[in-house]
Engineer: 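Provided herewith is a single structure, encoded as structure tokens, for subsequent inquiry.
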Amino acid sequence: MIDLHNHLLPGIDDGPADLDTALDMARMAVANGISHVVCTPHIHAGRYDNDSTSILKACTDFNRALRAAGIDLHVGAAAEVRFSGELMTRVMDGSIPFLGQWEGKKALLLEFPHGQMPFGAERLTQWLLDNGVVPIIAHPERNKVLMDTPSKLKPFIEQGCLLQVTAASAAGRFGERAMHLAHELLRHRVVSIMATDAHNLDHRPPQLQEGLLQAARILGDREAERLVIDTPWRIAHQHFA
Ligand SMILES: [Fe+2]
């Protein structure tokens, strides 16, 4: 399986603080059936001031450590980019790494604030689409506004944004309401990828299996596999060329 949203790179955001923990997370991912990951550290101005350069360096160092430890996990890097007005500038100046490609456009993992849906958000996503970037909305099922009013996702889906649901949400680990919305989105077949959003070894581990099981219950085995194998590979295979 291929995981396109996780915080495995050490010491760069709120993922693992040290390399040993990151290596243990990599071992856990492999044990869970994950062969490839694109690490997506936060880019969140004033909080996690990462950019393409710092993230690629962390990824190179991590790959070297993985090889030295004999862990068979293929690792690339992109970012989970926080919604903000300055996103337009940063897309233009090339300081943001992309998750991959989707239908001729660059794919960007986009994070909204958890407690709200920014006013006019769909104007920014439309701007991105018009400028050759497909937003992949990170875990919409965990957004409080969308939990209350799932129909607020509709304009984004109609524009052509993709949705990433977190495996742990589908498995009930973020509560009843996030699980309910995750299942609802799966049932409506508007989810493109399922990912771990792993941050650590205990509360937010790098595991896809239990979410996959729930997706398979709703969609059947083959369609569920597309969320963790076919579609993530289609988006991000160039990281592993
Ligand atoms: Fe994340």
Side-chain angles (χ1 to χ4, degrees), residues 1-17 21-22 25-26 28-29 32 34 36-52 54-55 58-59 62 75-84 87 90 96-100 107-118 121 125 134-147 153 156 161-171 173-175 178-179 181-182 185 191-208 210-211 227-228 231-232 235-236 239:
M1 294 185 285
I2 302 127
D3 182 23
L4 295 194
H5 180 177
N6 63 80
H7 304 263
L8 245 64
L9 295 179
I12 194 169
D13 63 0
D14 56 347
T21 311
M25 288 173 74
M28 188 184 266
N32 200 251
I34 297 168
H36 295 71
V37 303
V38 177
C39 299
T40 50
H42 292 285
I43 290 183
H44 184 170
R47 195 155 180 194
Y48 304 111
D49 288 311
N50 291 307
D51 60 16
S52 293
S54 64
I55 292 169
C59 182
F62 190 44
V75 176
E80 175 179 20
V81 184
R82 185 75 163 199
F83 180 94
S84 79
L87 192 50
R90 301 202 59 177
I96 284 178
F98 292 96
L99 202 48
L108 176 82
L109 186 62
L110 179 65
E111 181 193 38
F112 289 125
H114 288 292
Q116 50 150 315
M117 186 49 78
T125 49
V134 179
I136 301 182
I137 299 175
H139 41 62
E141 79 283 358
R142 297 185 50 216
N143 179 284
K144 291 195 174 62
V145 172
L146 297 175
M147 283 184 204
L153 255 182
F156 299 100
C161 295
L162 306 186
L163 305 184
Q164 173 261 312
V165 157
T166 295
S169 302
R173 295 192 182 274
F174 286 108
M179 180 174 77
L181 182 51
L185 295 172
V191 180
S192 291
I193 55 172
M194 186 174 264
T196 67
D197 196 9
H199 281 68
N200 48 51
L201 287 163
D202 36 28
H203 300 300
R204 302 180 72 180
Q207 294 177 336
L208 284 172
E210 59 176 7
L227 302 173
V228 292
T231 308
I235 292 169
H239 286 279

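Read the numbers this way: they start at 1 and go in the same order the structure lists the ligands and their atoms.
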Engineer: Is there side-chain contact between Thr196 and Gln207, with heavy atoms separated by less than 4.5 Å?
Structural biologist: no
Engineer: Apply side chain to side chain contact (heavy atoms under 4.5 Å, CB included) to Ala79 and list each qualifying residue two or more places apart in sequence or on a separate chain.
Structural biologist: Ile43, Ile55, Val81, Pro97
Engineer: Are Leu163 and Ile193 packed together at the side-chain level, in the sense that at least one heavy-atom pair is separated by less than 4.5 angstrom?
Structural biologist: no
Engineer: If you leave out waters, which protein N, O or S atoms are less than 2.8 Å from the Fe ion (ligand 1)?
Structural biologist: His5 NE2, His7 NE2, Glu80 OE1, Asp197 OD1
Engineer: Could you tell me if the side chain of Glu80 sits less than 4.5 Å from the side chain of His139, heavy atoms only?
Structural biologist: yes
Engineer: Could you check whether Asp197 pairs with Arg142 (Lys NZ or Arg NE/NH1/NH2 to Asp/Glu carboxylate O, under 4.0 Å)?
Structural biologist: yes
Engineer: Please state whether the rings of His42 and Tyr48 are parallel, tilted or perpendicular, taking 30° and 60° as the class boundaries.
Structural biologist: parallel
